[in-house]
Amino acid sequence: MKHGDQASLREAAALLQGTLNGIAVTGAGISVESGIPDFRSAGGLWSRYNPAEYATMEAFLYNPDKVWEMWYELADTLKDVSPNPAHFALARLEELGHIKAVITQNIDALHHHAGSKTIIEYHGNADTIVCPACRRRRPMDLSQRALGAPRCECGGYMKPDVVLFGEVIPEYAMTTSERLARGCDVLLVIGTSATVYPAASLPYLAKEGGAKVIECNTEETAFTNTITDIFLQGPAGETLPEVVRLIEAQ
Ligand code: NAD
């Protein structure tokens, strides 16, 4: 495992440049430089709303109005954010042909806004809301905030169209991600603490399939000393654009 010095950046660039079969797996850390706190940031949303208490299906069913206080605040945080250089670097790697998909745990849609084309939103997307009973969907509407948990035409409460703790990952996202992970040559894993399963299993599947793993994170994770081949330590908004710059300088 190599750390994030210039030699590691060059090695990561060479690995990516040598493949047309890479994938990226991203977590909350890639969006921290866009101003969206991850689960750990002090003072962030998650330090006021414990995800185990607010982001579970059980909590939604027990008290939808309480859970919607947090979801409206999250929607308010997400409404004005923009992609950062790390999101744009992944879109460029796809354009150059070196990665063929981004699998994201994030619900902020920033990979779409950055121009990535093949995106698997493993945990859904907070732009829409869905009725768990009849599956009707409609856009998230912050203007309804004062009314509390939104109601569906069928009479039930609606929830954000994201996977809450206690819900299963949509079949398409799960099977496609696993297939991509098992079959890739290089897997980039960016800004995830390696703790939320089954998303955290994807880098292990890739490694079992013979892929090289490049990890971008500000801190070491459970991947770092087990399956990571190259560790690019630092903010992804700095390391990823540098990798792209090195590829384009060739
Ligand atoms: P996490 O919050 O558990 O971990 C974030 C990781 O990113 C940490 O390892 C941290 O060291 C790293 N990190 C922080 N800043 C970074 C930076 N600038 N560059 C690189 N790495 C950085 O996140 P997770 O593993 O994705 O799990 C959290 C769950 O919560 C996921 O399911 C995710 O969907 C959800 N979530 C999503 C968002 C979002 O959509 N932006 C935000 C918070 C949480």
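Both ligands and their constituent atoms are indexed starting at 1 by order of listing. These figures come from a predicted structure and were not determined experimentally. One is the number of the first residue; the rest follow in order along the sequence.
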| message | Out of all atoms in ligand 1, which are within 4.0 Å of some heavy atom of P37? Include the element for each. | response | 42 (C), 43 (C)
| said: Strictly distance-based, threshold 3.5 Å: is any side-chain N or O of N106 a donor or acceptor partner for the main-chain N or O of G27? | reply: yes
| Short side-chain to backbone donor-acceptor contact, N217 and E220, under 3.5 Å | no
| query | Is it true that atom CD of E53 has more than 12 heavy atoms of other residues, nucleotides or ligands lying nearer than 6.0 Å? | reply | yes
| query | Side chain, backbone, both or neither: which part of T192 comes within less than 4.0 Å of ligand 1 when only heavy atoms are counted? | reply | both
| message | Suppose I only count heavy atoms of E33 and a 4.0 Å limit; which atoms of ligand 1 are within that range? | response | 17 (C), 18 (N), 19 (N)
| said: Please determine whether the number of non-hydrogen atoms from other residues, nucleotides or ligands lying under 6.0 Å from atom OH of Y197 exceeds 12. | reply: yes
| Can A199 be said to touch ligand 1, with heavy atoms closer than 4.0 Å? | no
| field | Protein residue, atom and distance nearest to atom 37 (C) of ligand 1, heavy-atom basis | value | N106 OD1, 3.8 Å
| message | Please find the pair of heavy atoms, one from S177 and one from I120, that lie closest to each other, and give the distance. | response | OG-CG2, 3.6 Å
| request: Check ligand 1 against I36 and write out every atom of the ligand that is under 4.0 Å from a heavy-atom position of the residue. | output: 41 (N)
| note | shortest atom 35 (C) of ligand 1-to-protein heavy-atom contact is with F39 CZ, 4.2 Å
| request: Determine, using ring centers only, whether F231 and F223 are less than 6.0 Å apart. | output: no
| Between T175 (side chain) and E171 (backbone), is there a donor-acceptor pair under 3.5 Å? | yes
| task | State whether the shortest distance between N or O atoms of I107 and N or O atoms of ligand 1 falls below 3.5 angstrom. | result | yes
| Quick one: does A236 get an N or O within less than 3.5 Å of an N or O on ligand 1? | yes
| request: Just jot down the ligand 1 atoms closer than 4.0 angstrom to any heavy atom of D108, in number order. | output: 39 (C), 40 (O), 41 (N)
| message | For ligand 1 and A28, I'd like to know whether there is a polar contact (N/O to N/O, distance under 3.5 Å). | response | yes
